[in-house]
Asks: 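Got a structure for you, written out below as structure tokens; questions coming shortly.
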Amino acid sequence: LKIGLRYYLAMTMFSYGISKLFVLQMPYPSLAHFYTPLGEFTPMRFTWMYLGYSTPYQFFGGIMEVLGGVLILFRRSLLAGLIVLLGVMGNVLLLNLFYGVPVKLYSFFLVLIILYLLLEYRKQLINFFLNRPTVPISIKPYFDNNWQSYLRIGLKVVFILYTFGYTFYNDYDYFQQRKEATPIVIEGA
């Protein structure tokens, strides 16, 4: 269950993170948005506009989502990845809750997955925050035979290449299409 949740979470973070790296999830406000009075915007639309206005913030969020997704795929960096994702997805959850974004339940579900995976480290985290000595978790190999270990590593590499590569390819293709679109010419006074 934990491995499946980790891979599902990584796949989701790759999807959202890569779209933010190409600034596709929350695009720059259109000309029509600039002509609309602020009072006519829903809280979600206004949030999307101010997040889309800041390309560096969106890019940083994308990097952190992809970084967290990569870190949770490896047992040695799982805790670091979960802490990164808790900060990132906690921010996303609060934005979704307080600005009326419709995917608030899904972001809450992702935060619950992160908290569930963090339960394994609860003693170490409590001791760390209470300034007590902590004992590292022993990471035992999953399999005894070499071929099983190679198969596990091979499947992990295929998963990373497929999910990251497929998402990157689709988002890059869409980014190129948007970049090649003819700009709107504004004429008149």
Side-chain angles (χ1 to χ4, degrees), residues 4-73 80-119 159-160 162-189:
L5 288 174
R6 281 172 42 202
Y7 279 75
Y8 175 77
L9 191 59
M11 184 175 62
T12 305
M13 291 299 102
F14 288 163
S15 173
Y16 281 115
I18 292 171
S19 70
K20 284 185 180 93
L21 291 177
F22 288 113
V23 194
L24 297 175
Q25 188 176 7
M26 294 160 274
Y28 189 82
S30 68
L31 188 60
H33 288 127
F34 286 121
Y35 282 113
T36 306
L38 287 179
E40 294 183 17
F41 287 117
T42 64
M44 178 199 152
R45 177 59 54 203
F46 194 65
T47 304
W48 244 237
M49 282 179 45
Y50 79 76
L51 289 174
Y53 187 80
S54 176
T55 301
Y57 179 79
Q58 195 173 162
F59 189 80
F60 176 74
I63 284 180
M64 297 310 287
E65 287 176 356
V66 170
L67 174 68
V70 169
L71 289 175
I72 64 171
L73 290 176
L82 289 172
I83 290 171
V84 167
L85 288 180
L86 184 61
V88 171
M89 290 310 299
N91 181 39
V92 169
L93 175 62
L94 293 176
L95 283 171
N96 291 349
L97 284 174
F98 298 135
Y99 289 101
V101 181
V103 291
K104 53 183 131 285
L105 290 177
Y106 186 62
S107 57
F108 181 66
F109 171 67
L110 295 175
V111 169
L112 282 179
I113 290 174
I114 295 166
L115 292 173
Y116 173 73
L117 293 173
L118 277 170
L119 278 176
F159 174 82
I160 292 171
Y162 176 74
T163 56
F164 192 84
Y166 181 74
T167 305
F168 189 86
Y169 174 76
N170 280 342
D171 286 347
Y172 182 74
D173 186 44
Y174 184 63
F175 173 74
Q176 288 297 102
Q177 289 174 10
R178 284 190 53 202
K179 198 166 94 173
E180 293 171 3
T182 56
I184 299 172
V185 178
I186 302 172
E187 296 179 5

Asks: Within the distance-only criterion (no hydrogens, no angle test), does the side chain of Ser54 pair as donor or acceptor with the backbone N or O of Tyr50 below 3.5 angstrom?
Replies: no
Asks: Give, for atom OH of Tyr16 and atom CG of Asp171, the distance between the pair rounded to the nearest 0.5 Å.
Replies: 12.0 Å
Asks: Should we count CZ of Phe108 as having more than 12 external heavy atoms under 6.0 Å?
Replies: no
Asks: If you count heavy atoms of other groups shown closer than 6.0 angstrom to CZ of Phe60, is the number above 12?
Replies: no
Asks: Is Phe159 close to Leu73 at the side-chain level, that is, under 4.5 Å between some pair of heavy atoms?
Replies: yes
Asks: How long is the gap from OH on Tyr99 to CZ on Arg45, to the nearest 0.5 Å?
Replies: 15.5 Å
Asks: Shortest non-hydrogen contact from Gly61 to Lys20?
Replies: C-CD, 4.2 Å
Asks: Would you say that more than 12 heavy atoms from the other residues, nucleotides or ligands in this model lie under 6.0 Å from the OH of Tyr57, or not?
Replies: no
Asks: Side chains of Ile113 and Tyr116: does their closest heavy-atom pair fall under 4.5 Å?
Replies: no
Asks: Before you tell me yes or no, could you show the steps for Met13 and Leu110 under side chain to side chain contact (heavy atoms under 4.5 Å, CB included), namely the whole-Å CA-CA distance, both residues' side-chain angles and the distance that decides it to 0.1 Å?
Replies: CA-CA 10 Å; Met13 291 299 102; Leu110 295 175; 4.1 Å; yes
Asks: Verify the neighbour count for atom CZ of Phe41: are there more than 12 heavy atoms of other residues, nucleotides or ligands below 6.0 Å?
Replies: yes
Asks: Taking the side chain as everything from C-beta on, heavy atoms only, tell me whether Val66 gets closer than 4.5 Å to Phe164.
Replies: yes
Asks: How long is the span from the CG atom in Leu85 to the OG1 atom in Thr12, to the nearest 0.5 Å?
Replies: 10.5 Å
Asks: Check whether any side-chain heavy atom of Asn96 sits under 4.5 Å from a side-chain heavy atom of Leu105, and report yes or no.
Replies: no
Asks: Looking at Val92, Asn91, Val101, which one forms a side chain to side chain contact (heavy atoms under 4.5 Å, CB included) with Ser107?
Replies: Val92
Asks: So, do Thr163 and Tyr166 sit near enough that their side-chain heavy atoms are less than 4.5 Å apart?
Replies: no
Asks: Side chains of Leu118 and Ile114: closer than 4.5 Å at any heavy-atom pair?
Replies: yes
Asks: Counting the benzene-type ring for Trp, do Phe168 and Phe14 have ring centres under 6.0 Å apart?
Replies: no
Asks: Where does the angle between the aromatic ring planes of Tyr8 and Tyr106 fall among parallel (under 30°), tilted (30 to 60°) and perpendicular (over 60°)?
Replies: perpendicular
Asks: Are the side chains of Val84 and Met64 in contact, using a 4.5 Å heavy-atom criterion?
Replies: yes
Asks: Could you report the tightest heavy-atom contact between Ala10 and Gly69, atom names first, then the distance?
Replies: CB-O, 3.5 Å
Asks: If I take atom CG from residue Leu117 and atom CD1 from residue Ile72, how far apart are they, to the nearest 0.5 angstrom?
Replies: 7.0 Å
Asks: Using 0.5 Å steps for rounding, measure from the OH atom of Tyr162 to the OG1 atom of Thr167.
Replies: 8.5 Å
Asks: What are the two closest heavy atoms between Leu24 and Pro27, and how far apart are they?
Replies: O-CD, 3.8 Å
Asks: Any heavy-atom pair between the side chains of Met26 and Thr47 that's under 4.5 Å?
Replies: no
Asks: If you round to the nearest 0.5 Å, how far is CG of Leu86 from CD1 of Ile83?
Replies: 8.0 Å
Asks: Taking atom OH of Tyr53 as the centre, report whether more than 12 heavy atoms of other residues, nucleotides or ligands fall under 6.0 Å from it.
Replies: no
